[in-house]
Structures are given as structure tokens and as C-alpha cells.
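Note sheet for the following structure.
Predicted, not measured: the structure shown is a model, and the values here were computed from it.
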Amino acid sequence: NLATKENSIRLKLFPNPTNKYLNINRETKEPIIVSMYDMTGKITKTYNWPLVKGTNNITINGMQTLAKGVYQIIVEDQYGRKIGKARFIK
């Protein structure tokens with residue numbers, strides 16, 4: 001289990017499957033860390049966002065550099081607590 005139900009969030013990823021970019025829609029009150037993993041568990045990218053209170057739309061560019069496959073996004077709060085995850089297809 002990545003997080004307790006109270007802290008767990010649902011991520012909205014689009015477009016999924018993706019080719020050039022990936023949008024993450026998230027409501028937040030604090031900065032987040034987004035880590036992207038391939039299906040072997042290898043981290044492929046990490047991003048830190050100082051988000052503002054409310055709904056935020058994050059765009060990750062450069063998806064064309066990833067090999068085709070399934071990837072997982074894990075979101076952590078500013079303290080390193082895992083608060084959400086989602087998968088996408090490249």
C-alpha cells in the first residue's frame with residue numbers, strides 16, 4: 001500500500017497513451033515530487049513542483065525520448081510520503 005486512504009490521491013493522466021507530453025491534473029496544497037519508473041522499477045525521470053493551493057495541471061515534455069512500454073508515476077509530498085500513483089502507456 002503506497003499510502004493511507006486519507007492521504008492517497010487519484011492522478012488524472014492524459015493523453016494516455018502518450019507520445020510527446022503527459023499532463024497530470026492534481027489538487028494540492030503543497031509542493032510535490034513526481035517520479036517516473038519503467039516496469040523494471042528503474043527510475044527514468046524525477047520532477048519537483050512548487051504547486052499552489054488548488055487544482056494544478058502539470059505538463060511533462062519529452063515523452064518521445066522514452067522507449068515504448070508501460071510506465072508508473074509515483075507522487076510524493078514534500079516530506080517524501082507517497083500519496084499517489086498511476087500508470088501510463090508510451
(message) Using only atom types and a distance under 3.5 Å, with no angle test, would you say the side chain of N16 pairs donor to acceptor with the backbone of I89?
(response) yes
(request) For Y47, look at atom OH and say whether over 12 heavy atoms of other residues, nucleotides or ligands are found less than 6.0 Å away. (result) yes
(message) In this structure, would I60 and L13 fall into the same cluster of hydrophobic residues linked by side-chain contacts under 4.5 Å?
(response) yes
(message) Contact between V75 and I24 at the side-chain level, heavy atoms closer than 4.5 Å - yes or no?
(response) no
(request) Taking all non-hydrogen atoms of both residues into account, name the closest pair between P50 and P31 and its distance. (result) CA-CB, 4.1 Å
(message) Using 0.5 Å steps for rounding, measure from the CZ atom of R87 to the CE atom of M36.
(response) 14.5 Å
(request) Evaluate the side-chain proximity of N56 to W49: yes if any heavy-atom separation is below 4.5 Å, no if none is. (result) no
(message) In the structure I gave you, are the side-chain heavy atoms of P15 and Y21 within less than 4.5 Å of one another anywhere?
(response) yes
(request) Please check if I43 and I33 belong to a single hydrophobic cluster, counting links between Ile, Leu, Val, Met, Phe, Trp and Tyr side chain heavy atoms closer than 4.5 Å. (result) no
(message) I'd like to check K82 versus E76 (side-chain heavy atoms, cut-off strictly below 4.5 Å). Are they in contact?
(response) yes
(message) If hydrophobic clusters are built by linking Ile, Leu, Val, Met, Phe, Trp and Tyr wherever their side-chain heavy atoms come under 4.5 Å apart, do M63 and Y71 end up in the same one?
(response) yes
(message) Would you compute the distance between atom OG1 of T44 and atom CG of D38 and round it to the nearest 0.5 angstrom?
(response) 6.5 Å
(request) Determine, step by step, whether D77 and R81 satisfy the salt bridge (charged side-chain N to carboxylate O under 4.0 Å, His left out) criterion, reporting the C-alpha distance in whole Å, the side-chain angles of both residues, the deciding distance to 0.1 Å, and the verdict. (result) CA-CA 5 Å; D77 67 13; R81 294 181 297 225; 2.6 Å; yes
(message) I need the Q78 CD to I83 CD1 distance, nearest 0.5 Å.
(response) 9.5 Å
(message) Contact between T18 and L66 at the side-chain level, heavy atoms closer than 4.5 Å - yes or no?
(response) no
(message) So T65 and K45, do their side chains get closer than 4.5 Å, heavy atoms only?
(response) yes
